[in-house]
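Taking it in order: structure first as structure tokens, then the write-up.
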Amino acid sequence: VSFSNGSSYHVGCLESERRALLRFKQDLQDPSNRLASWIGYEDCCAWAGVVCDNVTGHIVELNLRNPFTYCDLSQSKANPRYLNLSYTQFVGMIPPQLGNLSNLQYLDLSWNFLYVENLWWLPGLSFLKDLDLSYVNLSKASDWLRVTNTLPSLVKLRLSRCQLHHLPPLAIANFSTLTTLDLLYNQFDNSFVPNWVFGLIQLVFLDLRRNNFQGPIPEGLQNLTSLKHLLLDSNRFNSSIPNWLYRFNRLESLGVSNNSLQGCVSSGLKILIPNLTNAAQLEVLSLGSNSFSIALPLISSYLIELDFSNNSISGSIFHFICYRANELNKWQILYLSGNFLQGELPDCWMNYQNLMILDLSNNKFTGNLPISLGSLISLQPLHLRKNNLCGTIHSLENCIALMTLDVGENELVENIPTWIRERFSRIVVLILRSNKFYNLLPKGLCDLAFLQIVDLADNNLSGEVPRCIHNLRAMVTMNSHAGKAIQYQFLLYASRAPLIATLLEDAFVVMKGREAKYERTLNLVRIIDFSKNNFSGKIPLEVTNLKALQSFNLSNNFFTGRIPESIGAMRSLESIDFSLNQLSGEIPQSMSSLKYLNHLNLSNNNLTGKIPSSTQLQSFDASSYAGNDLCGAPLPRNCSEHVSTPEDENGDEDELDYWLYWSL
Ligand SMILES: *[C@@H]1O[C@H](CO)[C@@H](O)[C@H](O)[C@H]1NC(C)=O
Ligand SMILES: *[C@@H]1O[C@H](CO)[C@@H](O)[C@H](O)[C@H]1NC(C)=O
Ligand SMILES: *[C@@H]1O[C@H](CO)[C@@H](O)[C@H](O)[C@H]1NC(C)=O
Ligand SMILES: *[C@@H]1O[C@H](CO)[C@@H](O)[C@H](O)[C@H]1NC(C)=O
Ligand SMILES: *[C@@H]1O[C@H](CO)[C@@H](O)[C@H](O)[C@H]1NC(C)=O
Ligand SMILES: *[C@@H]1O[C@H](CO)[C@@H](O)[C@H](O)[C@H]1NC(C)=O
Ligand SMILES: *[C@@H]1O[C@H](CO)[C@@H](O)[C@H](O)[C@H]1NC(C)=O
Ligand SMILES: *[C@@H]1O[C@H](CO)[C@@H](O)[C@H](O)[C@H]1NC(C)=O
Ligand SMILES: *[C@@H]1O[C@H](CO)[C@@H](O)[C@H](O)[C@H]1NC(C)=O
Ligand SMILES: *[C@@H]1O[C@H](CO)[C@@H](O)[C@H](O)[C@H]1NC(C)=O
Ligand SMILES: *[C@@H]1O[C@H](CO)[C@@H](O)[C@H](O)[C@H]1NC(C)=O
Ligand SMILES: *[C@@H]1O[C@H](CO)[C@@H](O)[C@H](O)[C@H]1NC(C)=O
């Protein structure tokens with residue numbers, strides 16, 4: 001015990017602890033010199049990562065959240081209260097010597113590449129309150145529950161993604177003071193949640209997502225009435241929502257999505273999701289991907305996130321949206337996609353100015369886009385794909401925060417409006433596919449500096465592709481910050497506990513001829529799809545400036561002239577489809593330098609001459625080149641029998657030369 005001089009100011013570190021830290025440092029490999037400040041006779045409380053008690057001078061915290069590659073605590077004499085090594089990219093086995101840091105109250109080793117054989121040393125940490133071993137491979141540590149159960153002070157236990165394959169029974173849950181239990185994504189072999197969990201009556205946060213539990217939502221949960229966050233998503237629960245859940249009056253988030261829940265969401269569910277008399281604090285309600293088959297219930301305006309997607313809900317959304325039309329709604333996120341909702345979109349969006357995500361895709365909505373959609377000034381993604389909507393997108397003119405607009409597969413008929421240049425200046429994903437957009441592309445399209453995916457396929461667009469297309473800045477360089485923008489970070493300011501949710505935007509995009517749902521990788525994707533329209537004229541040379549473009553589809557149009565000679569400069573290209581046009585001349589030699597190219601379709605054009613040699617271009621099937629006048633591998637036709645000379649094929653240039661000559 002050391003006594004300070006009574007001042008509340010910090011007293012400098014203790015000599016013995018300073019020496020212990022120096023010994024500790026000797027045992028570390030510190031290639032990036034993060035511990036440069038750990039030298040000599042300096043006050044060690046001022047050293048990087050060291051926190052001292054400002055009264056006693058004892059070291060109370062070692063915060064080494066830095067990318068060390070190796071850490072050996074065996075010689076350590078420091079005895080901190082707090083050790084946080086999360087996200088440090090440590091690799092290897094957790095040293096059992098940690099068990100000697102007997103004062104630890106907080107231990108966070110999450111999100112590294114660590115494993116343990118067992119946790120015999122854990123009971124040494126008898127003051128531990130907060131233990132986070134998420135992402136540590138615990139598959140061999142069959143003693144994990146027995147030893148954590150000996151920690152009498154434990155309040156928070158996070159073991160998500162630990163490869164725990166079994167959740168054992170316990171006679172008695174010693175850690176009955178637990179308020180947080182996070183077992184997300186372990187895929188237990190248990191069919192049922194063991195009883196000891198239901199004895200943890202102080203639980204505030206329970207995360208059992210992605211664990212293969214089945215049968216009804218367990219009755220035992222009804223004792224856990226302190227719960228604020230109950231997350232049961234992605235299991236195989238198959239009951240209806242039990243009535244007792246409606247009595248949980250502290251719930252802030254309830255997640256039961258992606259199960260096999262069915263039946264009605266009982267009208268007794270007071271959160272319905274006008275009667276909020278009970279769950280007045282509910283802010284997140286996730287019921288998606290089940291088999292609910294009800295009309296949408298009326299829900300509170302206090303909710304922040306509501307997910308009803310991918311169920312069998314039918315009927316109109318008129319009452320659901322318009323019931324509270326006269327009061328400002330807090331709603332930020334609304335997922336209703338993948339149901340059988342029908343009728344017109346109601347014109348009651350005036351008071352949903354907080355809405356940031358709206359997904360109504362994959363339903364049976366009809367009619368025009370209502371004027372009041374223009375009130376959604378915070379909206380970032382808007383998904384209306386796969387409905388039967390008609391008319392124009394003019395009501396979206398004021399939705400100036402839009403980053404994703406997907407109105408694909410509807411019946412919209414209009415010019416692409418010229419105001420997109422000013423109004424959609426932040427747009428990253430623009431999907432107008434399979435509608436009836438007609439006429440020319442507006443030049444303003446080229447000024448959308450963040451555009452990464454532009455899918456205008458299967459419309460009635462005509463005219464030339466504007467030369468300004470080389471201005472599409474996000475397609476010019478991979479390093480643009482545009483990609484980051486796709487990660488929507490929402491601070492959900494719940495009045496009591498702020499919840500941070502990073503929602504990665506997803507979009508359906510067509511690449512390499514297949515429809516794929518891009519999620520995490522979307523910020524790396526750059527796509528132009530103008531296929532199945534009436535575009536004509538030449539492919540502008542300027543397009544070769546789009547060096548980050550990965551997928552380029554112009555098929556099924558009326559393009560003429562040659563493939564741009566410098567197409568090889570578009571070095572990110574993975575997929576090219578120019579089929580079903582009237583392109584002529586030779587395949588440019590530079591195409592052989594597209595080393596990422598793995599999908600190519602030049603069939604049904606007027607191309608001539610020899611297919612340039614490169615391992616890449618010869619690796620495609622002959623059908624990639626069919627319907628032209630080409631020769632050489634992979635086509636069976638040998639070039640020697642083909643007597644064309646370069647002059648024959650230099651149509652355009654010859655023509656130019658000729659006119660130049662003539663005018664001179
Ligand atoms: C000393 O620490 C206490 C608790 O950590 C803190 O409230 C107080 O402001 C600190 N005093 C000084 C002078 O930093
Ligand atoms: C450790 O640090 C991370 C990142 O700063 C933080 O999110 C986490 O809450 C900390 N863990 C503990 C137990 O305080
Ligand atoms: C604590 O340290 C001593 C001496 O280094 C060692 O023998 C013992 O095994 C350690 N205990 C744990 C739990 O690591
Ligand atoms: C986790 O550890 C087990 C046993 O050592 C091993 O078989 C498994 O491959 C590890 N899992 C991962 C993802 O490394
Ligand atoms: C429960 O904790 C106490 C110490 O608080 C300990 O003596 C006892 O052995 C523990 N019980 C079990 C089953 O681990
Ligand atoms: C729910 O699942 C359990 C266990 O898998 C099964 O025995 C039961 O028949 C299922 N009930 C319903 C209503 O599907
Ligand atoms: C739930 O609480 C009741 C009364 O407090 C108790 O009798 C029952 O055993 C508890 N159920 C479980 C599963 O712990
Ligand atoms: C639904 O749950 C299954 C099984 O846990 C999982 O594989 C799948 O990814 C989940 N789907 C969604 C959309 O979360
Ligand atoms: C809401 O609930 C209260 C009390 O449960 C009840 O008196 C009232 O009639 C309900 N209102 C509606 C519109 O269902
Ligand atoms: C919809 O929910 C079912 C389970 O109810 C699931 O199998 C399917 O993957 C979900 N589809 C989507 C697109 O999330
Ligand atoms: C295509 O657009 C043109 C105007 O550019 C229009 O005359 C024609 O009727 C449209 N075709 C279809 C099938 O909608
Ligand atoms: C393409 O080739 C066909 C047949 O050889 C010819 O009739 C047509 O005029 C050519 N089109 C162009 C645009 O060169």
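First listed ligand is number 1; within each ligand, the first listed atom is number 1.
For ligand 11 and Y438, the ligand atoms under 4.0 Å from any heavy atom of the residue are 2 (O).
The shortest N or O to N or O distance between N534 and ligand 11 is not under 3.5 Å. The distance criterion of under 3.5 Å between nitrogen or oxygen atoms is not met by Q262 with respect to ligand 6. Where the criterion is an N or O separation shorter than 3.5 Å, residue side chain and backbone included, N310 meets it with respect to ligand 10.
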Is there a salt bridge (Lys or Arg N to Asp or Glu O under 4.0 Å) between D233 and R210 once you walk through the steps? CA-CA 7 Å; D233 312 68; R210 281 184 165 256; over 6 Å; no
How far apart are the C-alpha atoms of S289 and N258, what are their side-chain angles, what is the distance that settles it, and do they pass the side chain to side chain donor-acceptor pair (under 3.5 Å) test? CA-CA 4 Å; S289 294; N258 197 18; 4.7 Å; no
Salt bridge (Lys or Arg N to Asp or Glu O under 4.0 Å) between R433 and D458, worked out: CA-CA 6 Å; R433 186 187 188 82; D458 195 13; 6.0 Å; no
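For atom 6 (C) of ligand 11, the closest non-hydrogen atom on the protein side is N460 ND2, 4.0 Å. With hydrogens left out, the protein atom closest to atom 9 (O) of ligand 6 is N238 ND2, 4.7 Å, a heavy atom. Among protein heavy atoms, atom 4 (C) of ligand 6 sits closest to Q214 OE1, 3.5 Å.
Cation-pi geometry between R426 and F450 is not met: the NZ or CZ atom fails to fall both under 6.0 Å from the ring centre and inside 45° of the normal. Geometric assessment of R158 against the ring of Y135 yields a negative cation-pi assignment under the 6.0 Å and 45° thresholds.
Proximity of atom 11 (N) of ligand 11 to the protein is indicated by at least one non-hydrogen atom lying closer than 4.0 angstrom. Within a 4.0 Å radius of atom 2 (O) of ligand 6, the protein contributes at least one heavy atom.
Residue N534 forms a side chain to side chain donor-acceptor pair (under 3.5 Å) with just one option from N459, N556, N460, and that option is N460.
Atom CD1 of I201 sits in a sparse spot, with 12 or fewer heavy atoms from other residues, nucleotides or ligands closer than 6.0 Å.
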